[in-house]
Amino acid sequence: MTRRERTNPRWRRAPLVAALLAFGCHQGNSVQPSLGAPVVLVTIDTLRADHLPLWGYSKVQTPAIDALGHDGVLFSNAYAQVPLTLPSHASLLTGLLPYEDGVRSNTGFRLDTTRHATLPALLKRQGYTSGAAVSAYVLRRETGIAADFDHYDDSLEVREGAALNALQRPGGESLDAVLTWLNGADKQLFFLWLHLYEPHTPYEAPEPYRSRYSPYDAEIAAADAIVGRLVNELKTRGLYDRSLFVLTADHGEGLGDHGEAEHGVLLYRETLHVPLIVKLPKESNSGQRVDRPVGLFDIAPTILELVGAERPAGLSGVSLFGQAPAGRRIYSETLYPRLQLGWSELRSLIDGGFHFIGGPDPELYDLAKDPAESTNLRDGDRRTFGELRAELETIPLNLEHGTAAATPEERKNLASLGYLSGVATTPSGPLADPKRSIQVLADMQTALRLAQESHLAEAEAACRAVLAKQPNMVDARIQLGSLLRRLGRADEAREEYREVVRRSPEMLDTIAVEMGKIALEEGHLDEAAENAKLALAAAPDEAHLLLAGVAIRKNDWAGGEREATAALGNAARPRIPALILLARVLIERGRLDEARTRIENARGRIARGEAKPVVTLEGTYADILGRQGHPEEAEASFRREIEMFPESEEAYVRFAILLASEHRFAEIQPTLDHMVTAKPIPTIYELAAQTMSNLGNEEGARQYRQTAARLFAKH
């Protein structure tokens, strides 16, 4: 018994039978449903259970979660099915295991709600309306996760070159969005889902938490404050007491405990063990604690039972308040190492006392005696090891599940774009054990940091060093392709991207966008459009942006306006890259006031901290100001663009044109010199030369071409 349990009589450990009786479960019957109860689900991304005070942690304060726990039932041993956001939420909302619902990783998979009913669809049959707001790009509606919700707010900025885990919005914005929906839904039966991305990396908590706690714990405190706001709002509306409120996390965080800084690769307890609190309506049975292992896939069946909704046949999850099947073990997996790193997948089983991790080098841990999983009992307890390994081997991997074969027409298009020019690579010999290769991820992080700091040559070298050790790491190839594109080596970038698709066909949608960008930059407009069409289903916003770019290059202003408008997304929070492109179309159509309104909308959102600066925003604003006769304001915006994004060549060129219009010819060459210094590649020198030529300075153009010939001559 912990100190908390000794001093707080409300927290009491109870054997399973006693806990069931306390819930009114007699002879194995389910708890009586609460018809008409509002349902509230909060999922906090990347939250380790053992970093919360309710689980004995003392280095952070979480008053809102503590209060919710005291009002509800705490499940002390809840485990995620996948330590990744999308597949974990898919299991939570379907009551199925990952190999059943087909969602195995954050990219390359889509939840098919025509085959698998989700919680909002099942609650709708009971008369519920549903609304959700999510805080991460990996839960965008195109993943299928939104299909059955009546309202789904996923307004996030997709920034060029940003890593997948950086595409997020503050949880407070998501809360505001879902509360706006609730204003019209709180008089009905409703199901509300709020997803918070705190405490996922990057750990950038606001004050007062940033200076009070460690970076990770500070984000937990920030998330707790958002939960507190939600609870207070529900109380103000008179909804809290009669609601069924579930709080959990999709997975935990490694924090270096077994060599993994974040999550997704390994299957140790730090990334699987998550908080789970269920507050029943009318504060019934508050303060209970249940210790048996449960999974996130048990949440959907539990909610359905508690509100009296029909439970579909064939769910692997069971009600948290029902009798668990004898000998039940909790299954978890990660296919990310195999699909994107070229290593072996890992799978695991957890029962009341042991955790078995299956892989090239299997492991067994006694969770009661060794919760930190520091001593492998594989050789010390052969009976338990053999029993759990045998059971795991009966569970299907279903690696092909969730990926559809291409139609003949699709294969023709893929071949024409070069995606089927090689044979898919299957690693020969045994796959690497992820825990033996985890250090390579640190090397990959170094490459990413160098790329973000625009040390392109060093980043390229770092990526190639990673690939020399791990040639099947498609994440490294994607980063290398991006670097080669930025370095102006389009043909090499193409080949890296094609190799990604050969090695990991699930990445086609992502790669099609990148290949489309290269084609657009080189003027291969039909190729760019075909790539955009390949990405429309999974990444429609980026695909429509690409199609808008194609239309603009064709001087098809009506088409450009149509495609840019399609990429805007949520009308209340239009995506900034789409606003920029739409403004540029409006400029060409002579609608400067409309264009300026669009750009000022985007600038206002950034000034309010709702979004981060986006390349070409200030440059586009400067172009509008210059055309409207405000040269001084235009110059200031051009300089802001160049300061924030020194590789933004378009800003330099447009600024040079503005300088020429004001007869400030002596300032043009220093401006273009700054451009080629910031991005010293052949195509940028040629752009400088072409700009000089267009402005009537043929001698200046000749000098840039001579310098490029000297710098980039092949030896």
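Across Asp154, Asp250, Asn106, Val134, a single residue satisfies side chain to side chain contact (heavy atoms under 4.5 Å, CB included) together with Leu139, and that is Val134. Residue Glu496 is tested with Leu484, Ile511, Leu483 for a side chain to side chain contact (heavy atoms under 4.5 Å, CB included); the sole match is Leu484. When each of Leu579, Ile580, Ile576, Leu625 is checked for a side chain to side chain contact (heavy atoms under 4.5 Å, CB included) with Ile599, only Ile580 meets the rule.
Taking CG of Asp443 as the reference point, atom CD of Gln445 lies at 10.0 Å (rounded to 0.5 Å). Taking CG from Asn472 and CD from Gln340, the interatomic distance works out to 12.5 Å, rounded to the nearest 0.5 Å. A distance of 8.5 Å separates CD of Glu521 from OG1 of Thr683, quoted to the nearest 0.5 Å. With values rounded to the nearest 0.5 angstrom, Met507 atom CE is found 9.5 Å from Glu514 atom CD. With rounding to the nearest 0.5 angstrom, the CD atom of Glu561 is 15.0 Å from the CZ atom of Arg584.
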*Check step by step if salt bridge (Lys or Arg N to Asp or Glu O under 4.0 Å) holds for Arg598 and Glu594.*
CA-CA 6 Å; Arg598 297 285 188 174; Glu594 288 181 63; 5.9 Å; no

*Do Arg605 and Glu173 pass the salt bridge (Lys or Arg N to Asp or Glu O under 4.0 Å) test, and can you show the C-alpha distance, the side-chain angles, and the key distance before you say yes or no?*
CA-CA 12 Å; Arg605 290 184 58 205; Glu173 287 185 27; 5.3 Å; no

*asked:* Using the rule given for side-chain contact (heavy atoms from CB on, under 4.5 Å), can you reason through Thr85 versus His195, listing the C-alpha separation, both sets of side-chain angles and the distance that settles it, and then say yes or no?
replied: CA-CA 10 Å; Thr85 298; His195 165 258; 4.3 Å; yes

*Show your reasoning for whether side-chain contact (heavy atoms from CB on, under 4.5 Å) applies to Arg702 and Met692.*
CA-CA 9 Å; Arg702 184 181 65 80; Met692 279 293 205; over 6 Å; no

_Residues Glu530, Lys533; criterion salt bridge (Lys or Arg N to Asp or Glu O under 4.0 Å); working and verdict_ = CA-CA 5 Å; Glu530 288 301 318; Lys533 291 172 185 176; 3.7 Å; yes

*Please test Glu495 against Arg502 for salt bridge (Lys or Arg N to Asp or Glu O under 4.0 Å), starting from the C-alpha separation and ending with a verdict.*
CA-CA 10 Å; Glu495 186 49 40; Arg502 287 194 286 267; 2.4 Å; yes

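Asp673 and Tyr704 form a side-chain donor-acceptor contact under 3.5 Å, judged by distance and modelled atom types alone. Between the side chains of Thr671 and Glu667, no donor-acceptor pair of N or O atoms lies under 3.5 Å. When only modelled atom types and interatomic distance are considered, Tyr203 and Glu253 share a side-chain donor-acceptor pair under 3.5 Å. A donor-acceptor contact closer than 3.5 angstrom is absent between the side chains of Gln479 and Asp475. Between the side chains of Arg640 and Ser637, a donor-acceptor pair is found at a separation under 3.5 Å. Side-chain contact annotation: Ser454 with Glu647, donor-acceptor N/O pair under 3.5 Å present. With hydrogens and angles left out, the side-chain atoms of Glu219 and Thr46 include no donor and acceptor closer than 3.5 Å. In this model, no donor atom of one side chain and acceptor atom of the other lie less than 3.5 Å apart for Glu633 and Tyr621.
Ring orientation note: the planes of Phe665 and His663 are nearly perpendicular, at an angle over 60° on the 30°/60° scale.
Counting heavy atoms from C-beta on, the side chains of Thr691 and Ile668 never come closer than 4.5 Å. Asp45 is not listed as a side-chain neighbour of Ser135, based on a closest heavy-atom distance of 4.5 Å or more. Residues Ile587 and Leu592 form a side-chain contact, since some pair of their non-hydrogen atoms from C-beta on lies under 4.5 Å apart. Contact of the Leu617 side chain with the Met644 side chain is not registered, since no non-hydrogen atoms from C-beta on lie closer than 4.5 Å.
Geometric assessment of Arg140 against the ring of Tyr137 yields a positive cation-pi assignment under the 6.0 Å and 45° thresholds.
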